Engineer: 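The structure that follows is given in the form of structure tokens.
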2 protein chains.
Amino acid sequence: MSADGPPAKVTIKDVAARAGVSKGAVSLAFNNRPGLADATRDRIFAAARELGWAPNLAARSLSSSRVDAVGLAICRPARLLGLEPFYMEFVSGIESVLAEQSCSLLLRLVRDLDEEVAQQERWWKSKQVAGSILVDFLTDDPRLPALGALGMPVIAVGHPSLTGGFPSLWTDDGTAVAEAVRYLAALGHRRVAHVGGAAELGHSAIRNAAFAATVRELGLDAGRQTPTGFSGEDGARATRTLLSSAERPTAILYDNDIMAVAGLSVASEMGLSVPADLSLLAWDDSQLCRLTHPTLSAMSHDVHGFGAEVARTLFALMTTGEAESRQVPTPALTPRGSTGPPR
Amino acid sequence: MSADGPPAKVTIKDVAARAGVSKGAVSLAFNNRPGLADATRDRIFAAARELGWAPNLAARSLSSSRVDAVGLAICRPARLLGLEPFYMEFVSGIESVLAEQSCSLLLRLVRDLDEEVAQQERWWKSKQVAGSILVDFLTDDPRLPALGALGMPVIAVGHPSLTGGFPSLWTDDGTAVAEAVRYLAALGHRRVAHVGGAAELGHSAIRNAAFAATVRELGLDAGRQTPTGFSGEDGARATRTLLSSAERPTAILYDNDIMAVAGLSVASEMGLSVPADLSLLAWDDSQLCRLTHPTLSAMSHDVHGFGAEVARTLFALMTTGEAESRQVPTPALTPRGSTGPPR
DNA sequence: GGCCTTCACTCAACCGGTTCAGTACCACGG
DNA sequence: CCGTGGTACTGAACCGGTTGAGTGAAGGCC
């Protein structure tokens, strides 16, 4: 707190001098390693505090070849990302774990997977990150061959059938979709539709398949499935199409909450009452689902916790070289006001 | 692409050897500095490509004492952040500029301002960032004294009256609020309410003051203002309170779009028709405003562009040591379906 | 032909930490 | 009294780049 004129940069040497020890001792103290008397340790910390010194991480990382950051690249247009509560929650879960280890997250929004591959390679080769998190797998994802060869520690978010050998964490979307459809069927619905994502997206493919299978298994009328880009506008358009068709569904399952909100608004615009004329079921429950009228029933899961678990697993991989692929808790049905028996 | 067994780490020396030059030459090439024949340059790049080499950024940053990252700490609970499209758009705007300069963004979600100050100090002292972006200023923000003394390049997002001498970028919220109120008054509303933020938040204070002043100036009935925490639930609660009061407002201005969505839902829950019985006007226009029924009128602005401008200004500050404080375009009224003359 | 530039490049020091072999000192057992 | 082991600490090499002074050759000018 003293006015020391030009804040001349202070290095480990200055701290060492002030504490009357060698650089090595300061290093030991700041990495709390054994081999120092408590009194010395205290003197070193005191000196560092007085000088306002913190170790230069570039130097540390250079000499110890340990890195204090992990990477996450997300590939969706920003407009959309901003809207999907999922990612911010996910990121925040990741960070809650990284912060404990004083590790930083390098976040990058990319336009396409080529850009992501380029970014990940750069991160890894230039030693900016100690590992990375991969999300949004396509079936036959082009990142797999490119990044697999790199030898970079990677945790994949997605079903093992998509993530090509990378240690993976995933939610059991198939089971959750089945639960959703069964629930709607139990309410008495026979014409159920699904507003999902493009089939190239791995988790969309899984959900689509599960939807079709469950509809068949329960002997419901052939359930229509509409692929979308997950935006609210996509959801609205899909809903309009479905509700204008001859065989109008009495229940719709959406692959995120934004589209469900849009669907609710379309229903109201078309004069349908929810849930009497139409039941709506969202995915990725967020606060948004409690803000509508009626409130939206949803398949909800702990996204923050998911992110935290991903970060923990990545740490395990980076430190021990091993990581278990694991399924995290399955999204659970949270019934609210938008689902009910058909009229 | 050759199978080179264990991916032995390759350094600048290997590249130099392969290209038949010295380390210095490789360094010149990769920082595209003059002093190399084109042929040599090409040979160096070819060698680097063949070996899959990229410069170790820690080493570069250590020796050149140049840093390739900037920091942004956001202090709001994650649940809320996820919902506010604002931040993701803002971040994406920042990134669009940083990426051009191959600079990374260190993003941290913190719980309170003390934690933010600690983080910023650590970032700066440990040379992890070359500068930082500060958002969400309180009146008398505790970060100002703490970070001002650091000498770190900082761009503040907020009105200069709040940002204590840091170069700042801001939107003219006062004018925008006035425009909003004038518009509602022109539609014939005389009882207008405002669902805003806590008065400690600097921009809330500005908006609140502008609201009160405009109401007075236009001779409207005393406009009620309710401070909230910006969450949807807060918006719903505030709306219920307003609509249950004796002197029920005929129009409500919200300080973000989430609260406006919640307000719309409360209106419908209470059997009021929008906009006949009640007009609603949102702030921070996002896709969400087009997903409701009726669609939400909003004060909209280019958040992505705002973020980009902030990043550009930070770069100017970091490279030239100077940066101009500047007002960015004022949010503009975008009328949609939720505003109209009172019944 | 001699002198001065300019260009292309090399060499070694240096950035600020970490690491590890080595040293000094003390305590303890025999 | 010596050896042995352990603890506390030092010193120098090293991490992988950048930087700037220095070198040698080519070219221009009188």
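Fair warning: this is a prediction, and the values are worked out from it, not measured in the lab. Computation of the quantities below employed the complete heavy-atom set of this structure, encompassing side-chain atoms and omitting hydrogens, waters and symmetry-equivalent molecules.
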Engineer: Verify the contact: side-chain N or O of B/Lys9 to OP1 or OP2 of D/dG16, cut-off strictly under 4.0 Å; return yes or no.
Structural biologist: yes
Engineer: Please report the distance, rounded to the nearest Å, between CD1 in A/Ile12 and C1' in D/dT10.
Structural biologist: 13 Å
Engineer: Among the nucleotides D/dT10, D/dG17, C/dG17, which one has an atom lying closest to any side-chain atom of B/Thr11?
Structural biologist: D/dG17
Engineer: Could you say whether B/Arg33 or B/Ala58 is positioned toward the 5' end of DNA chain D, judged by the nucleotide with the nearest heavy atom to each?
Structural biologist: B/Ala58
Engineer: Quickly work out the B/Lys127 NZ to C/dC15 C1' distance and round it to whole Å.
Structural biologist: 11 Å
Engineer: What are the two closest non-hydrogen atoms of B/Met318 and B/Pro153, and how far apart are they?
Structural biologist: CG-CB, 3.9 Å
Engineer: Rounded to the nearest 0.5 Å, what separates atom OG1 in A/Thr139 from atom NE2 in A/His159?
Structural biologist: 14.0 Å
Engineer: Have a look at A/Ser65 and say if it touches a base, only the backbone sugar-phosphate, or nothing, with a 4.0 Å heavy-atom cut-off.
Structural biologist: nothing
Engineer: Return yes when atom CG of B/Asp140 has more than 12 non-hydrogen atoms of other residues, nucleotides or ligands closer than 6.0 Å, and no otherwise.
Structural biologist: no
Engineer: With sugar-phosphate meaning primed atoms plus P, OP1 and OP2, does A/Val21 contact a base, only sugar-phosphate, or nothing at under 4.0 Å between heavy atoms?
Structural biologist: sugar-phosphate
Engineer: Across the strands shown, which category fits A/Ser61 at heavy-atom distances under 4.0 angstrom: base, sugar-phosphate, nothing?
Structural biologist: nothing
Engineer: Could you check whether any side-chain N or O of A/Thr40 sits under 3.5 Å from a backbone N or O of A/Leu36, counting only pairs where one atom can act as donor and the other as acceptor?
Structural biologist: no
Engineer: Ignoring backbone atoms, establish whether B/Asn31 has a side-chain N or O less than 4.0 Å from OP1 or OP2 of D/dT18.
Structural biologist: yes
Engineer: Once you measure the plane-to-plane angle for B/Phe90 and B/Tyr87, does it fall in the parallel (<30°), tilted (30-60°) or perpendicular (>60°) bin?
Structural biologist: perpendicular
Engineer: Can you list the residues that meet the ring pair (Phe, Tyr, Trp, His ring centres under 6.0 Å) rule with A/Phe30, with sequence neighbours excluded?
Structural biologist: A/Phe45, A/Trp53
Engineer: Grab the N/O contacts between the protein and nucleotides 12-14 of chain C below 3.5 Å, and write none if there aren't any.
Structural biologist:
none

Engineer: Counting only side-chain nitrogens and oxygens, does A/Trp53 get under 4.0 Å of the OP1 or OP2 atom of C/dG16?
Structural biologist: no
Engineer: Just to confirm, is there a sub-4.0 Å distance from OP1 or OP2 of D/dT19 to any side-chain nitrogen or oxygen of B/Ser64?
Structural biologist: no
Engineer: Does A/Arg143 count as lying over the ring of A/Phe137, i.e. NZ or CZ under 6.0 Å from the six-ring centre, within 45 degrees of the axis?
Structural biologist: yes
Engineer: Taking the minimum atom-to-atom distance to the side chain of A/Thr40, which one of C/dG17, C/dA8, D/dC9 wins?
Structural biologist: D/dC9
Engineer: Map A/Leu62 and B/Ser22 onto DNA chain C by nearest heavy atom, then report which one ends up closer to the 5' terminus.
Structural biologist: B/Ser22
Engineer: Is any side-chain nitrogen or oxygen of A/Ser27 closer than 4.0 Å to OP1 or OP2 of C/dT18?
Structural biologist: yes
